[in-house]
Amino acid sequence: LFTFPYDWRYGVSGVFSDGKSNEDVLKQKIAEIRTLTGSDKVDIVAHSTGGLLVKKYAMDYLADNHIGKAVFVGVPNLGAPKAVKTLLQGDNFGIIFLSDAEMKKVAENLPVSYDLSPSKEYVSRNGSYFTRTTFGTETEIKKEEFSFAQLKNVLSLEHNLNLQALTNAEDFHSSIFD
C-alpha cells in the first residue's frame, strides 16, 4: 500500500511555480511504485479531488497510464455547488475556529476551488445551482436562475472571481471529461 499526498490546493488544473502539476507528480509516483514492485500496473483508491486527478491522468495517458483498477470514493465528477458557495460566502466546513470570511479569501486564490465548481454538464443534468432572489414590494418576489454561461459572467463580473480560473475549470470539465 502506498499513499500519494499531493498539493490539493492546486487541484487538477493548477501548475506549480516550477511548471509541474499534480498530474506530473502522480505520473512520477506511479513510475516509482512500478519500479519498487516490479508490477506493470497499479490499482488506485481515490477520494474527492484525488479522483478527478486520477481521471484526468488516465485520460491524458490513455495508452500508457499503468492503472489496473481505479476505485472512486466521493468524487465530485461533475463538480460541487459547495465550491461556489465557499468562493462567494466562505465556509468553515464545520470547524468552529475556522472563519467563513477567511476561507472565502483563501478559496478565491486556490485553483482547486474552481476545479470543484459545477460543470456545464452538472447544470445540464441538474439545473442551475445558483438562484438570485429579489424582493420588490411586499408581494413581489422575483427568483432568477442562471444558465452555465450566465453563471460564469455573474461569478466573474458581479462577484469578482478569477475569470482565468473559471475558464481553466470550464476547460478542465470538458464534455469528454465529464
Side-chain angles (χ1 to χ4, degrees), residues 4 6-16 21-26 44-62 67 70-95 98-135 141-178:
F4 176 64
Y6 66 97
D7 198 335
W8 56 267
R9 298 170 300 176
Y10 287 92
V12 181
S13 64
V15 177
F16 310 146
S21 68
N22 278 319
E23 187 177 7
D24 297 327
V25 178
L26 176 60
I44 297 175
V45 177
H47 173 259
S48 193
T49 310
L52 298 177
L53 176 59
V54 169
K55 186 174 165 183
K56 180 158 182 5
Y57 168 81
M59 290 175 67
D60 287 351
Y61 296 97
L62 193 58
I67 296 174
V71 176
F72 292 156
V73 181
V75 176
N77 284 296
L78 301 177
K82 190 168 186 173
V84 174
K85 186 247 185 218
T86 304
L87 284 164
L88 297 178
Q89 297 176 315
D91 194 305
N92 72 1
F93 300 97
I95 302 169
L98 187 60
S99 161
D100 285 358
E102 286 302 311
M103 273 310 299
K104 178 183 183 297
K105 280 192 249 179
V106 170
E108 289 174 355
N109 295 304
L110 293 179
V112 71
S113 301
Y114 296 87
D115 286 352
L116 290 173
S117 63
S119 66
K120 188 181 290 188
E121 184 63 24
Y122 180 99
V123 174
S124 173
R125 289 183 187 186
N126 301 302
S128 182
Y129 60 89
F130 188 94
T131 303
R132 177 183 294 155
T133 304
T134 310
F135 299 93
I141 298 173
K142 180 181 171 190
K143 288 193 175 197
E144 183 181 12
E145 291 194 3
F146 295 87
S147 69
F148 184 81
Q150 290 170 321
L151 280 168
K152 187 175 175 183
N153 286 331
V154 166
L155 295 174
S156 64
L157 299 175
E158 294 180 30
H159 294 280
N160 298 316
L161 294 183
N162 186 320
L163 180 59
Q164 185 60 57
L166 287 166
T167 300
N168 291 348
E170 183 178 5
D171 293 345
F172 162 63
H173 278 286
S174 68
S175 60
I176 293 170
F177 184 83
D178 284 354

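Side-chain atoms are counted along with the backbone in the values below, which use heavy atoms only and exclude waters and symmetry mates.
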May I ask you to decide if V154's main-chain N or O and H159's side chain share a donor-acceptor pair within less than 3.5 Å?
-> no
Non-hydrogen atoms of V12 and L53 that approach each other most closely | CG2-N, 3.6 Å
Okay, side chain of Y114, backbone of N162: is any donor-acceptor separation there less than 3.5 Å?
-> yes
Between the NZ atom in K56 and the OG atom in S174, the distance rounded to the nearest 0.5 Å is 8.5 Å
Grab the two heavy atoms, one from L116 and one from P76, that are nearest each other, plus how far apart they are.
-> CD2-CG, 3.6 Å
Checking D91, L87, L98 against M103 for side chain to side chain contact (heavy atoms under 4.5 Å, CB included), the one that qualifies is L98
To the nearest 0.5 angstrom, please state how far the OG1 atom of T49 sits from the OH atom of Y6.
-> 5.0 Å
Ignoring hydrogens and geometry, is there a side-chain-to-backbone donor-acceptor pair from S128 to F130 under 3.5 Å?
-> yes
Rounded to the nearest 0.5 Å, how far does NZ of K152 lie from CG of L163?
-> 5.5 Å
Whether S119 side chain and L78 backbone form a donor-acceptor pair below 3.5 Å | yes
Minimal heavy-atom distance between L110 and R9, with the atoms involved, is CD2-CB, 3.6 Å
Closest non-hydrogen atom pair between A80 and P118, with its separation = O-CD, 3.5 Å
Euclidean distance, M59 CE relative to E23 CD, rounded to 0.5 Å = 10.5 Å
Tightest non-hydrogen contact, residues V54 and A70, listed as CG1-CB, 4.4 Å
Within a strict 4.5 Å, meaning less than it, do heavy atoms of the N168 and D115 side chains meet?
-> no
Donor-acceptor contact below 3.5 Å, side chain S124 vs main chain K120 = no
Measure from the side-chain N and O atoms of K142 to the backbone N and O of T133, and report whether any donor-acceptor pair falls under 3.5 Å.
-> no
Enter the distance from F72:CZ to N77:CG here, rounded to the nearest 0.5 Å.
-> 6.5 Å
Nearest-0.5 Å distance, CG of residue N22 to CG of residue D7 | 6.0 Å
Cation-aromatic face contact K55/F177, 6.0 Å, 45 degrees | yes
side-chain contact (heavy atoms from CB on, under 4.5 Å) between Y129 and L151: does it pass, once the steps are laid out?
-> CA-CA 9 Å; Y129 60 89; L151 280 168; 3.5 Å; yes
Can you spot which of E144, E145, K143 makes a side chain to side chain contact (heavy atoms under 4.5 Å, CB included) with R132?
-> E144
Work out which heavy atom in A107 is nearest to a heavy atom in T86; give both atom names and the distance.
-> CB-CG2, 3.8 Å
Spell out, as yes or no, whether a donor-acceptor pair under 3.5 Å connects the side chain of N153 to the backbone of Q150.
-> no
Step-by-step side-chain contact (heavy atoms from CB on, under 4.5 Å) determination, V123 to F146 | CA-CA 9 Å; V123 174; F146 295 87; over 6 Å; no
Are the side chain of Y10 and the backbone N or O of F16 linked by a donor-acceptor pair below 3.5 Å?
-> no
